[in-house]
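Structure first, commentary second.
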Number of protein chains: 2
Amino acid sequence: MSRPTNPLALAVLSYLVQRPMHPYELSTTLRDHDDARSIKFNHGSLYMVFKQLDKAGLIRPLAVTREGARPERTTYELTDIGRAELHDWLAELVGEPVFEYPRFVTALSLIGVLPPDEVVELLTDRLAALGRSETEIQGLIDGSGTHPLFTIEEEYRLAQVRTEIAFVEGLIQRITDPERGWAAPWVAFHQGDNP
Amino acid sequence: MSRPTNPLALAVLSYLVQRPMHPYELSTTLRDHDDARSIKFNHGSLYMVFKQLDKAGLIRPLAVTREGARPERTTYELTDIGRAELHDWLAELVGEPVFEYPRFVTALSLIGVLPPDEVVELLTDRLAALGRSETEIQGLIDGSGTHPLFTIEEEYRLAQVRTEIAFVEGLIQRITDPERGWAAPWVAFHQGDNP
DNA sequence: TGGCGATTAGTTGACGCTGACTAGTCATTC
DNA sequence: GAATGACTAGTCAGCGTCAACTAATCGCCA
């Protein structure tokens, strides 16, 4: 009945607006375009999503083909309703920020249960990983000789990663700075160990 | 059996390390501490999570009480295994960045299906909302008279929101700039409409 | 030519999450 | 004093997701 909420469904609509496809074809297309970096994608989920979109009337089976003894492939096309939904959904995603719960936000909100020394170590590890991530993204942007529209989401990621790097560096400094005394309110994590 | 993956479970462990609680008590505590901003939280899920943690041996029922004709309240306490898991889990979250799929990244990767003019409008809407979000977070940080440790996650959010604002502003400029000609590769969204 | 792994294409079951529901109690108001 | 709404406390069904599985075909090497 109602529109799927899975972002993968949005990707399906976006590709079907160009031409009809069957699930497996889309699966490989998504792989080839590196879309898995921007859209969480499970091979198995794709078939569910197609089924849901069909039931919701956003797509419709166009043809069933078969090659040799392989399983049947059902090709789907977008309906007019689907086209409209694609537009509205995407417009909503672009126009209205969604309040989200990144893992690091959760971690930060609970970080008081870890002893400060260990936090500094962990943040240093994180910093290293973030650095690797930064160069990886940079490589993707430089490497793709295509129009910048196609790497716009990587540019966004890059900006966020750099911000996080700066934040973590600042955080480490604040914790270790003997002047400003960060130490006070840490919750004892293992009460039993320091009697 | 295995440890729950729901971040809410991490919050449960983090609070139980301080003192035993029953689910409803934790529910109100989370509400009061504004933790819902950093940890996705459903009243109903909490009971699931307690059950899962119990089954996994990370917490253990301590006592069952009852007031009047109200339902029973089961108080849980952390086990040693739970304490260890809390530590490892949180350390992992702090030390290793997780690859995530923010809605805006998905939107950006598919933005080619919307006509440029509309994208600019939508991004302008987004900018307004991000501005409101920025002042809201700023208010939270300034308003809490407490130790900065307790608003560290809001500071992180603030940094990310500001980065996004700058990014969106830049994106609008790039799209509208007549020199650099962004227009080329937009995918016709509604083929039927412009014959 | 026969055997191994990779690829093609899709199905299934278990699990976890969400939202809605139950059901009693307290405070307030008319 | 009884109707209203908010709070307390917890349960549960439906649905969506994911990982694992099936099962046939193709390429390749010896």
Side-chain angles (χ1 to χ4, degrees), chain A residues 1-12 15 20-32 36 39-56 58-59 61-76 89 98-101 103 106, chain B residues 1-13 20-32 36 39-56 58-59 61-76 89 98-101 103 106:
Chain A
M1 281 302 170
S2 64
R3 175 185 97 183
T5 58
N6 189 338
L8 184 53
L10 186 63
V12 171
Y15 276 92
M21 292 198 199
H22 55 88
Y24 188 79
E25 186 182 359
L26 189 57
S27 175
T28 54
T29 305
L30 289 174
R31 263 214 317 264
D32 296 348
I39 299 157
K40 194 163 184 188
F41 162 56
N42 270 63
H43 172 74
S45 309
L46 206 52
Y47 294 88
M48 296 291 118
V49 165
F50 267 82
K51 213 169 283 179
Q52 290 167 30
L53 287 173
D54 185 7
K55 215 165 65 181
L58 308 190
I59 65 176
L62 178 65
V64 178
T65 63
R66 174 190 284 269
E67 278 178 26
R70 296 255 180 78
E72 291 180 341
R73 298 179 307 187
T74 306
T75 302
Y76 290 86
W89 191 359
V98 179
F99 193 91
E100 280 168 335
Y101 301 85
R103 292 308 225 249
T106 304
Chain B
M1 283 297 172
S2 64
R3 173 184 99 182
T5 58
N6 190 337
L8 184 53
L10 186 64
V12 171
L13 296 177
M21 291 198 199
H22 54 88
Y24 188 79
E25 186 182 1
L26 188 57
S27 174
T28 53
T29 306
L30 289 174
R31 264 213 319 262
D32 296 349
I39 300 158
K40 195 163 183 189
F41 161 55
N42 270 63
H43 173 74
S45 308
L46 206 52
Y47 293 88
M48 298 288 120
V49 165
F50 267 82
K51 213 170 285 179
Q52 291 166 31
L53 287 172
D54 185 8
K55 214 165 65 181
L58 307 192
I59 65 175
L62 180 64
V64 177
T65 63
R66 173 191 285 268
E67 278 179 26
R70 297 255 180 78
E72 292 181 341
R73 299 178 308 187
T74 305
T75 303
Y76 290 86
W89 190 359
V98 179
F99 193 90
E100 280 167 336
Y101 300 85
R103 292 309 225 248
T106 303

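Naming: A, B, ... by sequence-line order, numbering from 1 per chain. All values below come from the heavy atoms of this structure, side chains included, with hydrogens, waters and symmetry mates left out.
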Straight-line distance of [X] [atom1] to [Y] [atom2], nearest 0.5 Å:
X	Y	atom1	atom2	value
Ile59(A)	Gln52(A)	CD1	CD	10.0 Å
Leu10(B)	Leu53(B)	CG	CG	9.5 Å
Thr28(B)	Tyr24(B)	OG1	OH	6.0 Å

Distances for protein N or O near nucleotides 14-16 of chain C N or O, under 3.5 Å:
none

For atom [atom1] of [X] and atom [atom2] of [N], their distance in whole Å:
X	N	atom1	atom2	answer
Arg31(B)	dA6(D)	CZ	C1'	11 Å
Ile39(A)	dC18(D)	CD1	P	13 Å
Asp54(A)	dG16(D)	CG	P	14 Å
Asn42(A)	dT11(C)	CG	C1'	15 Å
Met21(A)	dG10(C)	CE	P	14 Å
Tyr76(B)	dG10(D)	OH	C1'	11 Å

Salt bridge (charged side-chain N to carboxylate O under 4.0 Å, His left out) partners of Glu25(B), counting only residues at least two apart = Arg19(B)
Kindly say if Lys40(B) contacts the phosphate of dC17(C), meaning a side-chain N or O under 4.0 Å from OP1 or OP2.
-> no
Quick one, which residues of residues 43-51 of chain A touch DNA chain C with a heavy atom under 4.0 Å?
-> His43(A), Gly44(A), Tyr47(A), Met48(A)
Return the minimal non-hydrogen interatomic distance between Tyr47(B) and Pro23(B), and the atom names on each side.
-> CE2-CB, 3.5 Å
Of the nucleotides dT18(C), dT8(D), dA9(C), which has the atom closest to the Tyr24(B) side chain?
-> dT8(D)
Please confirm whether the backbone N or O of Leu8(A) pairs with a side-chain atom of Asn6(A), one donor and one acceptor, at under 3.5 Å?
-> yes
